[in-house]
> 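Before anything else, here's the structure in question.
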Amino acid sequence: MTDLIAAFSALSDRTRFAIVEQLMDGGELPAGDLVEGKGMSGAAISRHLKVLREAGLVQQRVLGTQRLYSVHSEGLRSIAEWTISKRQFWESSLDRLGDILERENSWPT
């Protein structure tokens with residue numbers, strides 16, 4: 001459960017969430033590409049990447065002088081599996097809400 005908590009904690013920050021989305025959309029990218037358009041220094045992005053790496057959401061590969069980052073699918077898979085495991089809860093909650101709304105609409109006014 002700790003890994004899942006670390007993953008959600010890491011993704012709770014808008015910048016880190018945006019970095020993960022950018023990597024999901026663009027595939028492996030150098031750190032410099034992750035800085036562009038964020039209005040942050042390379043050092044600030046580096047700190048965000050460290051949090052994401054420690055949470056198991058991104059991985060780093062060194063190619064010469066470049067640091068290339070990509071999504072670590074196992075980290076995201078744990079989030080997906082947890083979400084899917086809660087499907088019954090959400091479905092039954094929505095069913096109960098539907099029942100309440102249906103009863104409310106059938107009451108005489």
> Which atom names give the shortest non-hydrogen contact between Ala55 and Ala10, and what distance separates them?
CB-CB, 3.8 Å

> Honestly curious: do Phe8 and Val51 fall in one hydrophobic cluster under the side-chain, below-4.5 Å linking rule?
no

> Minimum heavy-atom separation for Gln22 and Asp33, please, with both atom names.
NE2-O, 3.4 Å

> Which pair of non-hydrogen atoms, one from Leu49 and one from Val58, has the smallest distance, and what is that distance?
O-CG2, 4.0 Å

> To the nearest 0.5 Å, how far apart are CE in Met40 and OG1 in Thr15?
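Between atom CE of Met40 and atom OG1 of Thr15 there are 3.5 Å.
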
> Within the side chain of Thr83, is there an N or O that forms a donor-acceptor pair under 3.5 Å with the backbone of Ile79?
yes

> Quick check for you: to the nearest 0.5 Å, what is the distance between Glu28 atom CD and Gln60 atom CD?
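The CD atom of Glu28 sits 10.5 Å away from the CD atom of Gln60.
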
> Report yes if some heavy atom in the side chain of Tyr69 is under 4.5 Å from a heavy atom in the side chain of Leu29; otherwise report no.
no

> What's the spacing between Asp13 CG and Leu52 CG if we round to 0.5 Å?
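Reported to 0.5 Å precision, the distance equals 8.5 Å.
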
> Hey, could you give me the CG/OG distance between Leu57 and Ser78, rounded to the nearest 0.5 Å?
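Those atoms lie 7.5 Å apart.
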
> Can you tell me if His72 uses its side chain to pair, donor with acceptor, with the backbone of Gly56 under 3.5 Å?
yes

> What heavy-atom pair brings Val20 and Val71 nearest, and what distance separates the two atoms?
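In terms of heavy atoms, the two residues are closest at O-CG2, 3.9 Å.
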
> Any chance you could measure Glu81, atom CD, to Glu74, atom CD, to the nearest 0.5 Å?
8.0 Å

> Considering only heavy atoms from C-beta outward, does the side chain of Val62 approach that of Arg67 to under 4.5 Å?
yes

> Where the side chain of Ser12 meets the backbone of Ser9, is there a donor-acceptor pair that is under 3.5 Å apart?
yes

> Report yes or no: do Leu68 and Met24 belong to one cluster of Ile/Leu/Val/Met/Phe/Trp/Tyr joined by side chain heavy-atom distances under 4.5 Å?
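In one cluster: no.
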
